[in-house]
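Written out below as structure tokens is the structure these notes cover.
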Amino acid sequence: MLRWTRAWTLPYRGIGPSSSSFSRLPIAPSSSQGGTEPRPVPLSYELLDGEAASPPLVFLHGLFGSKTNFNSIAKALAQQTGRRVLTVDARNHGESPHSPDMSYEAMSKDLQDLLPKLGLVPCVLIGHSMGGRTAMLLALQRPELVERLIAVDISPVETTSSSNFPNYVAAMRAVDMANEASLSSARKLADERLRSVIQSASMRQFLLTNLVEVDGRFVWRLNLDALAQHLDKILDFPARQETYSGPTLFLRGGNSQFLPPSHYPEIRRLFPRAQMQTVPNASHWVHSDRPQDFMAAVQGFLA
């Protein structure tokens with residue numbers, strides 16, 4: 001049984017799983033307290049019910065993504081494993097509030113606030129890319145909340161040289177859709193503008209899922225200003241000295257450059273029980289390219 005829950009109420013209304021029209025984008029207050037401790041924001045999520053006896057599965061999407069990226073996989077794994085499955089929109093993504101803070105510390109704090117409230121600890125954290133780093137940091141900071149960890153095609157080592165993400169953010173910010181009459185025409189215009197920078201049609205379509213209507217205007221639901229300001233932090237990982245001793249799987253795409261063998265020593269320093277596994281013929285978006293292989297890897301690790 002699917003339960004949809006919103007973590008904010010007034011004045012943010014009229015949003016459900018099938019809605020693509022926003023009355024307004026949610027704005028969170030500044031998430032720093034005295035400039036140090038991040039303040040959690042109320043994340044939007046979907047929870048699939050299951051047996052409470054087994055640790056739930058918690059999926060964290062990557063940069064530019066949303067909880068809907070894992071819809072099919074979440075439903076399949078909930079059915080196959082009988083576990084509760086949670087998918088979450090990160091701050092500044094999907095239907096979660098916007099905040100000027102986009103650090104991994106802040107994203108970890110959001111989950112430290114949410115997961116105990118939902119009674120979903122300890123959990124199996126499964127994070128892709130940016131979500132994988134959020135999962136890693138949460139496991140290092142609060143290991144008692146994480147029964148085991150799966151990081152998908154990402155590592156605790158900087159990935160700037162492997163990423164075109166800064167160009168994507170700049171291209172999206174440059175699109176002006178002020179005079180478009182419909183969402184379809186806005187998406188067509190945005191696709192044309194992005195094509196000169198992003199040759200991959202599938203990548204453009206992925207980014208275009210973030211184009212929504214707000215008060216009669218067409219805008220990106222991503223907080224592109226915050227992403228642009230903090231992209232260097234997102235493409236790196238905070239320096240940590242503690243370790244996470246729980247079972248850990250690093251799952252990489254066979255065609256991806258985001259998790260090379262040169263990163264393994266740092267992985268094993270922080271996650272001494274880490275296993276490495278490759279999904280052949282998969283890009284950085286392992287779960288999208290090879291969903292059956294991805295689910296088989298997850299279930300094999302849970303067994």
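Note that CD1 of Ile234 and OH of Tyr104 are 6.0 Å apart. Values are rounded to the nearest 0.5 Å. A distance of 9.5 Å separates CG of Leu194 from CG of Leu211, quoted to the nearest 0.5 Å. How far NZ of Lys109 is from CG of Leu137: 11.0 Å, rounded to the nearest 0.5 Å. Rounded to the nearest 0.5 angstrom, Leu60 CG and Asn69 CG are separated by 11.5 Å. If you take CG on Leu120 and CG on Leu47, they are separated by 6.0 Å, rounding to the nearest 0.5 Å. A distance of 7.0 Å separates CG of Leu48 from OG1 of Thr87, quoted to the nearest 0.5 Å.
A donor-acceptor pair is defined here as one N or O able to donate and one able to accept, closer than 3.5 Å; no such pair exists between the side chain of Asp113 and the backbone of Asp110. Looking only at distances, a side-chain donor or acceptor of His93 sits under 3.5 Å from a matching main-chain atom of Arg91. A donor-acceptor distance shorter than 3.5 angstrom exists from the side chain of Arg83 to the backbone of Pro55, with no hydrogens or angles considered. In this structure, the side chain of Asp153 engages the main chain of Gly253 through a donor-acceptor pair within 3.5 Å. Not a single donor-acceptor pair under 3.5 Å links the side chain of Tyr45 to the backbone N or O of Asp89. Judged by distance alone, the side chain of Arg290 and the main-chain N or O of Asn281 form no donor-acceptor pair under 3.5 Å. A donor-acceptor pair under 3.5 Å links the side-chain atoms of Asp289 to the main chain of Ser283, judged by distance alone. Judged by distance alone, the side chain of Arg133 and the main-chain N or O of Ile154 form no donor-acceptor pair under 3.5 Å. No donor-acceptor pair under 3.5 Å is formed between the side chain of Tyr168 and the backbone N or O of Met203. Between the side chain of Thr209 and the backbone N or O of Phe206 there is at least one donor-acceptor pair closer than 3.5 Å.
Of the charged side-chain nitrogens involved, at least one lies within less than 4.0 Å of a carboxylate oxygen, so that Arg269 and Glu266 count as a salt-bridged pair.
The two residues His61 and Ala90 come nearest to each other via the heavy atoms NE2-N, 3.0 Å. When every heavy atom of Leu224 is checked against every heavy atom of Val169, the shortest pair comes out as O-CG1, 4.1 Å. For the pair Arg217 and Val219, the tightest heavy-atom approach, listed with the atom from each and the gap, is NH1-CG1, 3.5 Å. The minimum heavy-atom distance linking Phe250 with Ser155 is given by the pair CE2-CA, 4.2 Å. Scanning both residues, Leu235 and Phe165, for their nearest heavy atoms gives CD2-CD1, 4.0 Å. Nearest heavy atom pair, residue Met276 against residue Ile267, reads CE-CG2, 3.4 Å.
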### Task
Check the pair Leu57, Phe70 against side chain to side chain contact (heavy atoms under 4.5 Å, CB included), reporting the backbone distance first and the verdict last.
CA-CA 12 Å; Leu57 310 182; Phe70 287 105; over 6 Å; no
#### Entry: Derivation of the side chain to side chain contact (heavy atoms under 4.5 Å, CB included) call for Leu115 and Cys123
CA-CA 8 Å; Leu115 296 175; Cys123 67; 4.0 Å; yes
### Task
Please assess His128 against Trp285 for the test side chain to side chain contact (heavy atoms under 4.5 Å, CB included), listing each intermediate value before the final yes or no.
CA-CA 8 Å; His128 171 246; Trp285 284 267; 3.6 Å; yes
### Message
For Phe64 and Met172: C-alpha separation, side-chain torsions, deciding distance, then whether side chain to side chain contact (heavy atoms under 4.5 Å, CB included) applies.
### Response
CA-CA 11 Å; Phe64 308 120; Met172 294 170 78; 4.3 Å; yes
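Counting non-hydrogen atoms of other residues, nucleotides and ligands closer than 6.0 Å to CD of Glu242 gives a total above 12. Within a 6.0 Å radius of CD in Gln80, more than 12 heavy atoms belonging to other residues, nucleotides or ligands are found. At most 12 non-hydrogen atoms from other residues, nucleotides or ligands lie less than 6.0 angstrom from CD of Glu51.
Hydrophobic clustering places Val175 together with Leu231 (ILVMFWY residues linked when any side-chain heavy atoms are closer than 4.5 Å, directly or through intermediates). Under the 4.5 Å side-chain heavy-atom criterion for ILVMFWY residues, no single connected hydrophobic cluster contains both Val157 and Leu270.
In this structure the side chain of Arg173 reaches within 4.5 angstrom of the side chain of Asp225, judged on heavy atoms. Considering only heavy atoms from C-beta on, Ser103 stays 4.5 Å or farther from His230 through its side chain. Side chains of Arg240 and Pro156 form no contact here, defined as non-hydrogen atoms less than 4.5 Å apart. Residues Asp293 and Val286 are not in side-chain contact: their nearest non-hydrogen atoms beyond the backbone lie 4.5 Å or more apart. Side-chain contact between Met102 and Met107 is present, with at least one heavy-atom pair separated by less than 4.5 Å. Looking only at side-chain heavy atoms (C-beta outward), Val41 and His98 stay at 4.5 Å or farther from each other. Contact of the Phe237 side chain with the Leu140 side chain is registered, since non-hydrogen atoms from C-beta on lie closer than 4.5 Å. Between Leu251 and Gln277, some side-chain heavy-atom pair lies under the 4.5 Å cut-off.
When each of Arg193, Arg195, Lys188 is tested with Asp191 by the rule salt bridge (Lys or Arg N to Asp or Glu O under 4.0 Å), just one qualifies, namely Arg195.
A donor-acceptor pair shorter than 3.5 Å cannot be found between the side chains of Asp101 and Ser99. Side-chain atoms of Thr278 and Arg252 include a donor-acceptor pair closer than 3.5 Å.
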